[in-house]
Amino acid sequence: MPAPSNFLKSMASSAKHQAAMRKQAVAHGFPRLSASSKALILLPILLLAFIYLIVYPKEFELQALMSSCGQPPTGSYTTAANNPSSSLPFSTTVHAYARPNPEFRLLIGVLTRADFYERRHLLRMVYGLQLASPSLSAQIDVRFVFCRLYKDDQRVLVPLEILAHGDVIVLDGCEENLNGGKTHTFFSAVASLYADAPYDYVMKADDDIMFRLPELVASLGTMPRQDMYYGATIPCGSMDPGKGYMSGMGYALSWDLVEWLAGAEEVTKGRIVGTEDKMTGEWLRLGGKGRNRFNAKPAMYDYPLPVPVDSCSHAFVPDTIAVHRLKDNPRWAHALSYFNFTAALKPSKFYKFDP
């Protein structure tokens, strides 16, 4: 047994050693691990990595898929900001209903006025409900088109609209007059804005027309993709698309004709101002274009008046593609009711509609 004095010295030496180790840990962090200690720590980590990468390789794909859920599909977009000459200093992305391998791509430009906020709200509902249908086989994008903003309230409310919906095109090269060159400016702008992602067809439409998109898709789906001019023939009494021109209620051109119009100054110069649908027919006639012409009457027609002014107006028919001259809410309600647009409405404690 060691002497008491030697034992006390040994205890004191051990205490000093432990204190020195604690000071070193405080000053420099944890003591350096030995190679065997590192191996013991790394072994479980490597084993877990092996299990995830080799045994469950799909786990990472599942996590990536879950992280993308809830993100709206991004479709093509156009706002004033995509036009370098635009006065609106911002951009936005349009979230569209993405369709794998669409039958064709159609852009509908609704030519309207900046102040017609209520009408655009109604049209967004009417077209949005149809575009949400999974049975729609074509990619259709609807854009609201008007000329430069000239009121202070428009310069605030329209940007808000673009931020919320992203479906507005503001044209810089025109005044707000449909027969003052707006249609030509629209087609020229579209040819430039969508040059990198062209549509198969571009349609000019009024803001008082309602298209039934499934019927429009079925009709356009049989059309050629080149040199095509589609609509409702004018004069009203004619069914021959080779004569006259297509009504301005809504007519479609194939993409090659849109590109051609944008650069056909030899044909359009001095012929931009005038009755817009008649001028479009004149451009095509002078340029020898639009040889593939298709008349969609009687499925495209004006609202049925009690006493029809001409044969462009007639009663609703089941295979309707479009109804024009919906000038007020009662007419819209009549047309939407006839075609049963509210059929999907479910009963609820939150509302009740008396008959």
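All values below come from the heavy atoms of this structure, side chains included, with hydrogens, waters and symmetry mates left out. Just so you know, these numbers come straight off a predicted model, no measurement behind them.
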Got more than 12 heavy atoms from elsewhere within 6.0 Å of [atom1], [X]?
X      : atom1 : value
Glu266 : CD    : yes
Arg291 : CZ    : no
Asn340 : CG    : yes

Electrostatic pair [X]:[Y] at N-O distance under 4.0 angstrom:
X      : Y      : answer
Asp172 : Arg148 : no
Arg271 : Glu282 : no
Arg120 : Glu161 : yes

Give a yes or no on whether the backbone of [Y] and the side-chain of [X] come within a donor-acceptor separation of less than 3.5 Å.
X      : Y      : result
Lys297 : Cys236 : yes
Arg212 : Met210 : no
Asn292 : Pro224 : no
Gln154 : Tyr150 : yes
Asp207 : Thr112 : no

Given side chains that start at C-beta, do those of [X] and [Y] come closer than 4.5 Å, heavy atoms only?
X      : Y      : answer
Ser254 : Tyr230 : no
Phe146 : Leu111 : no
Lys204 : Leu253 : no
Val126 : Leu336 : yes

Distance in Å, Asn101 CG paired with Ser137 OG, rounded so as to fall on 0.5 Å steps: 11.5 Å

Nearest-0.5 Å distance that lies between atom NZ in Lys151 and atom CG in Leu157: 10.5 Å

Between [X] and [Y] (judged by ring centroids, cut-off 6.0 Å), do the two rings come close enough to count as a pair?
X      : Y      : answer
Phe316 : Tyr338 : yes
Tyr199 : Tyr194 : yes
Phe104 : Tyr201 : yes
Phe353 : Tyr351 : yes

Pair Tyr301-Thr320, side-chain donor/acceptor within less than 3.5 Å: yes

Distance-only donor-acceptor check, side chains Ser313 and Tyr303, under 3.5 Å: no

Ser238 to Asp240 - nearest heavy-atom pair and separation: OG-N, 3.1 Å

Taking every non-hydrogen atom, the tightest pair across Ala205 and Phe211: CB-CE1, 3.9 Å

Hey, quick one: are [X] and [Y] part of the same hydrophobic cluster, counting side-chain heavy atoms closer than 4.5 Å, chains of contacts allowed?
X      : Y      : value
Ile209 : Phe116 : no
Val145 : Ile272 : no
Val110 : Met125 : yes

Working for salt bridge (charged side-chain N to carboxylate O under 4.0 Å, His left out), residues Asp167 and Arg143: CA-CA 5 Å; Asp167 56 3; Arg143 303 290 179 263; over 6 Å; no

Criterion salt bridge (charged side-chain N to carboxylate O under 4.0 Å, His left out) on Lys182 and Glu175, from CA distance to verdict: CA-CA 7 Å; Lys182 182 176 180 179; Glu175 298 298 333; over 6 Å; no

